[in-house]
Amino acid sequence: MPRFRLFTCLPALGLIAALSLSACHPGTVFMENEDEGPTIEIKEHPQPAQAYQLTMVIENAPGPFGMVEGSAQYDVENRHACGERNPASGTVSRMTHMPDLHWKPVDATTYTTTVYPDLLVNEDYYGNGVCRWKLMGASALLRATGAETETRFLPALDVEYILAEKTVTLYFWEAGYPRRRMENYPDFGEPSPDKFGENIRDQLFTITLTAKEVQP
């Protein structure tokens with residue numbers, strides 16, 4: 001079973017700032033120093049009751065993507081009530097788990113994956129009450145070949161968009177492919193071509209994410 005130590009990595013989520021979660025590597029299980037803090041064992045439901053298929057379609061990209069990875073993010077939504085409080089600072093560490101999402105290729109430009117809102121089991125970790133896990137969103141991480149110096153293209157869907165079965169299209173500047181001058185550059189895309197200068201609006205490609213509820 002997955003284990004993690006409490007760690008603070010991300011700001012509060014919103015659709016694009018969100019799932020900056022991929023700014024951390026997909027599949028991350030956040031860890032503190034191994035010698036500090038409690039270790040939490042996270043249990044997964046063997047048969048989740050909710051499932052959403054996510055479809056990702058890439059259009060007009062300047063080249064192929066040799067790396068297509070992803071992750072979902074789950075936070076404990078009532079950590080202030082159920083978590084372990086630091087006696088010195090009075091703060092409660094964020095409780096976050098980011099399991100991998102495996103984007104399966106349908107063709108050269110289309111991928112699918114499945115995310116489960118009720119994947120994690122709610123439990124009382126510290127004797128302060130049951131900690132409730134909440135899906136925060138899902139994302140993909142794409143690189144031209146997979147080299148760590150290349151741009152990370154990071155399209156994401158917030159949980160509200162997933163549950164509402166919405167579609168989101170994000171625009172990316174092709175000059176960032178395969179990399180910009182800054183190594184490992186994170187590109188989250190923009191929700192409209194109007195966010196780019198008029199002189200480069202004909203140099204954009206899109207990544208569209210769609211959510212649809214399916215039987216688990």
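Numbers here are sequence positions counted from 1.
- Nearest heavy atoms, Thr149 versus Arg143: N-NH1, 4.5 Å.
- Paired with Arg132 under the rule side-chain contact (heavy atoms from CB on, under 4.5 Å), one option of Asn122, Leu120, Val76, Asp75 passes, and it is Asn122.
- How far CE of Met95 is from CD of Glu77: 12.0 Å, rounded to the nearest 0.5 Å.
- Not one N or O on the side chain of Asn78 forms a donor-acceptor pair closer than 3.5 Å with the backbone of Ala81.
- In terms of heavy atoms, Val159 sits closest to Lys134 at CG1-CE, 4.5 Å.
- For the atom pair OG1 (Thr167) and NZ (Lys212), the distance works out to 10.5 Å, reported to the nearest 0.5 Å.
- Cluster membership check: Leu154 does not share its hydrophobic cluster with Trp173, using side-chain heavy-atom separations under 4.5 Å among Ile, Leu, Val, Met, Phe, Trp and Tyr.
- With Arg180 contributing its side chain and Thr151 its backbone, the two residues share no donor-acceptor pair below 3.5 Å.
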Would you sort out whether Asn184 and Arg179 count as a side chain to side chain contact (heavy atoms under 4.5 Å, CB included), showing the intermediate values? CA-CA 8 Å; Asn184 199 31; Arg179 57 167 288 182; over 6 Å; no
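- At distances below 3.5 Å, at least one donor-acceptor pair connects side-chain atoms of Asp158 with backbone N or O atoms of Glu160.
- Leu204 and Val168 are not part of a single hydrophobic cluster, where members link through side-chain heavy atoms under 4.5 Å apart.
- Side-chain contact between Leu163 and Tyr52 is present, with at least one heavy-atom pair separated by less than 4.5 Å.
- In this structure, Leu170 CG and Ile207 CD1 are separated by 7.5 Å, a value rounded to the nearest 0.5 Å.
- Of all heavy-atom pairs between Pro216 and Ala49, the closest is CG-O, 3.4 Å.
- The two residues Ala138 and Leu101 make their nearest non-hydrogen contact at CB-CD1, 3.6 Å.
- Of the inter-residue distances, the one linking Phe172 atom CZ with Ile58 atom CD1 reads 9.5 Å to the nearest 0.5 angstrom.
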One pair to check against side chain to side chain contact (heavy atoms under 4.5 Å, CB included): Val115 and Tyr74. What are the steps and the verdict? CA-CA 11 Å; Val115 63; Tyr74 298 83; 4.0 Å; yes
Could you walk me through whether Trp133 and Ile42 pass the side chain to side chain contact (heavy atoms under 4.5 Å, CB included) check? CA-CA 10 Å; Trp133 290 101; Ile42 308 169; 4.3 Å; yes
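- Contact between Pro48 and Leu119 at its shortest, heavy atoms only, is CG-CD1, 4.2 Å.
- For the side-chain contact (heavy atoms from CB on, under 4.5 Å) test, residues two or more places apart in sequence or in another chain that qualify with Thr112 are Gln53, Thr55, Lys104, Val106.
- Of the N and O atoms on the side chains of Arg79 and Asn128, not one donor lies less than 3.5 Å from an acceptor on the other residue.
- In this structure, Asn60 CG and Asp202 CG are separated by 11.5 Å, a value rounded to the nearest 0.5 Å.
- Separation of the Phe205 and Tyr177 ring centroids does not fall under the 6.0 Å cut-off.
- Residues Pro178 and Ala144 come closest through the heavy atom pair CB-CB, 3.5 Å.
- Atoms CD and CE, from Glu148 and Met67 in turn, are 7.5 Å apart once rounded to the nearest 0.5 Å.
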Residue pair Val92, Arg85: steps toward the side chain to side chain contact (heavy atoms under 4.5 Å, CB included) verdict: CA-CA 5 Å; Val92 178; Arg85 192 168 298 278; 3.6 Å; yes
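- Phe188 is not connected to Tyr185 by any chain of hydrophobic side-chain contacts under 4.5 Å among Ile, Leu, Val, Met, Phe, Trp and Tyr, and they are in different clusters.
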side-chain hydrogen bond (donor to acceptor under 3.5 Å, both in side chains) between Glu59 and Thr208, intermediate numbers included: CA-CA 8 Å; Glu59 293 186 284; Thr208 298; 4.7 Å; no
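- Of the candidates Thr210, Thr110, Thr113, Leu142, Met56 forms a side-chain contact (heavy atoms from CB on, under 4.5 Å) with just one, namely Leu142.
- Remark: side-chain polar atoms of Glu190 are not paired, donor with acceptor, to backbone N or O of Phe196 under 3.5 angstrom.
- Proximity of Tyr116 to Leu135: side-chain heavy atoms (C-beta onward) are nowhere separated by under 4.5 Å.
- Residues Leu141 and Phe65 form no side-chain contact, since every pair of their non-hydrogen atoms from C-beta on lies 4.5 Å or further apart.
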